[in-house]
There are 2 protein chains.
Amino acid sequence: MSETGIELGAAELEILRALWDVGPATVRQVMNHLHERGRDLAYTTVQTMLTRLEQKGFAVSNKADLAYVYRARVSRERMSRSRLRVLAHQLYDGSAGPLVLQLVRSERLTPQELAELQTLIERLDGKDRNTGRQRR
Amino acid sequence: MSETGIELGAAELEILRALWDVGPATVRQVMNHLHERGRDLAYTTVQTMLTRLEQKGFAVSNKADLAYVYRARVSRERMSRSRLRVLAHQLYDGSAGPLVLQLVRSERLTPQELAELQTLIERLDGKDRNTGRQRR
DNA sequence: GGAATCCTACTACCACGGTAGGAGGCGTGT
DNA sequence: ACACGCCTCCTACCGTGGTAGTAGGATTCC
């Protein structure tokens, strides 16, 4: 019903994340990975989640001789963008500015990140000027 | 169970947002506001949501002669930070950098926002240097 | 004073997400 | 041949969130 397009619960996202972190993996591998991170889920729970992820189009599986191997079908970046966009709409009518400001202000970025951000901004700044968009 | 601390569904958030947008309001006022924005909810639905928001501590109400007036108890900024933090954890182990980069790269910021971001970064940069924390 | 209108309180219902158990198939070591 | 381990498939159960109806008190309007 909602326009979000992407509908994943927190636990499902956790599983998808495991796929991002370890790459293509079987149910057992995903489960083991989660156990290592202190997340204790039953084998079948992980299985259910992976199945649902596949049904929803966020993962694909193919049979490798012993068991099915699951692979993420959406990138972490894509998910990230999507979630951020939803958030921007939910809180600020779609504007991303406030979110960025919030993040930079309240979450400590590493010097590298700051530098990267810096150059990124300069590039955008330049483009805006060159493009002449809204030249008064 | 989860560590998020903040547990609000999309619809609940919508209602809370109405409180942010219009300020303290009665059930009916919130409903009207939503209707104007094209969101068609029954009176009692809005009422239920407001009640739940209050139960969860996100709003308070007090009786003004005719009806209860609800008021948000958490700010949009606080919610924003919270959601962003959750997202950072879900996707990047808590690091905010990638989110910021994503936002700046894929969501168009206004010149003002860019400028503000710029000065913000400079300020942080300066602080980092003064603090002497790993000067590149 | 009865009708219309507004409000609150309570109850309900369904979908979905989180979690998992059981049944049954297949390979492998003894 | 069988037990053990691993795999898949199906089913289930419960909590919560989204949405709303109904009952009944209060106010207002003729």
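All chains are named by letter (A, B, ...) in the order of the sequence lines, taking the proteins before the strands, and each is independently numbered beginning at 1. Remember, it's a predicted structure, so these values are computed and weren't measured experimentally.
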Report task. Send over the distance from A/L50 CG to C/dT19 C1', rounded to a whole Å. Result -> 14 Å
Query raised in the report: Starting at CD of A/E12 and ending at C1' of C/dC16, how long is that distance when rounded to a whole Å?
Result: 9 Å
Query raised in the report: Can you check whether A/T45 has a side-chain N or O nearer than 4.0 Å to OP1 or OP2 of C/dT19?
Result: no
Report summary line: Sequence neighbours excluded, the answer for side-chain contact (heavy atoms from CB on, under 4.5 Å) partners of B/E113 is A/S95, A/P98, B/L109, B/T110
**Report entry** Heavy atoms from other residues, nucleotides or ligands near CZ of A/R76 exceed 12 (cutoff 6.0 Å)
**Finding:** yes
**Report entry** Set of residues satisfying side-chain contact (heavy atoms from CB on, under 4.5 Å) with respect to B/Q55, sequence neighbours excluded
**Finding:** B/T51, B/R52
Requested in this report: Give a yes or no on this: more than 12 heavy atoms of other residues, nucleotides or ligands lie within 6.0 Å of atom CZ of B/R81.
Outcome: yes
Requested in this report: May I have the distance from A/Q29 (atom CD) to D/dT8 (atom C1'), rounded to whole angstrom?
Outcome: 16 Å
Requested in this report: Identify, with sequence neighbours excluded, every residue that meets side-chain hydrogen bond (donor to acceptor under 3.5 Å, both in side chains) alongside B/E14.
Outcome: B/R39
Report task. For A/Q55 and D/dT8, give me the distance from atom CD to atom C1', rounded to whole Å. Result -> 14 Å
Listed pairs, N/O of protein and of nucleotides 5-12 of chain C, under 3.5 Å:
{"unit_1": "C/dC7", "atom_1": "OP2", "unit_2": "B/R28", "atom_2": "NE", "d": "2.4"}
{"unit_1": "C/dC7", "atom_1": "OP2", "unit_2": "B/R28", "atom_2": "NH2", "d": "2.8"}
{"unit_1": "C/dC7", "atom_1": "OP2", "unit_2": "B/Y43", "atom_2": "OH", "d": "3.2"}
{"unit_1": "C/dC7", "atom_1": "O5'", "unit_2": "B/Y43", "atom_2": "OH", "d": "3.2"}
{"unit_1": "C/dT8", "atom_1": "OP1", "unit_2": "B/Y68", "atom_2": "N", "d": "2.8"}
{"unit_1": "C/dT8", "atom_1": "OP2", "unit_2": "B/Y43", "atom_2": "OH", "d": "3.2"}

Report task. Calculate the interatomic distance between B/M49 atom CE and D/dG21 atom P; express it in whole Å. Result -> 14 Å
Query raised in the report: How would you list all residue pairs meeting salt bridge (Lys or Arg N to Asp or Glu O under 4.0 Å) that involve residues 57-66 of chain B, not counting sequence neighbours?
Result: none
Query - d(CD, B/E14; P, D/dT19) in whole Å - result: 7 Å
Report summary line: Those residues at least two apart in sequence (or on a different chain) that pass side-chain hydrogen bond (donor to acceptor under 3.5 Å, both in side chains) with A/S61 are A/E54
Report task. Go through the structure and list residues passing side-chain contact (heavy atoms from CB on, under 4.5 Å) with B/T119, not counting sequence neighbours. Result -> none
Query - Residues in contact with DNA chain C, drawn from residues 31-40 of chain B - heavy-atom cutoff 4.0 Å - result: none
Check nucleotides 24-29 of chain C for protein N or O atoms closer than 3.5 Å to its own N or O atoms and list the pairs.
none

Query raised in the report: What is the distance, rounded to the nearest whole Å, between atom CG of B/L53 and atom P of D/dG18?
Result: 10 Å
Query raised in the report: Can you name the side-chain contact (heavy atoms from CB on, under 4.5 Å) partners of B/E116, sequence neighbours left out?
Result: A/L101, A/R105
Query raised in the report: Residues two or more places apart in sequence or in another chain: which of them pass salt bridge (charged side-chain N to carboxylate O under 4.0 Å, His left out) with A/R17?
Result: A/D21, B/D93
Query - Partner set under salt bridge (charged side-chain N to carboxylate O under 4.0 Å, His left out) for A/R85, not counting sequence neighbours - result: B/E107
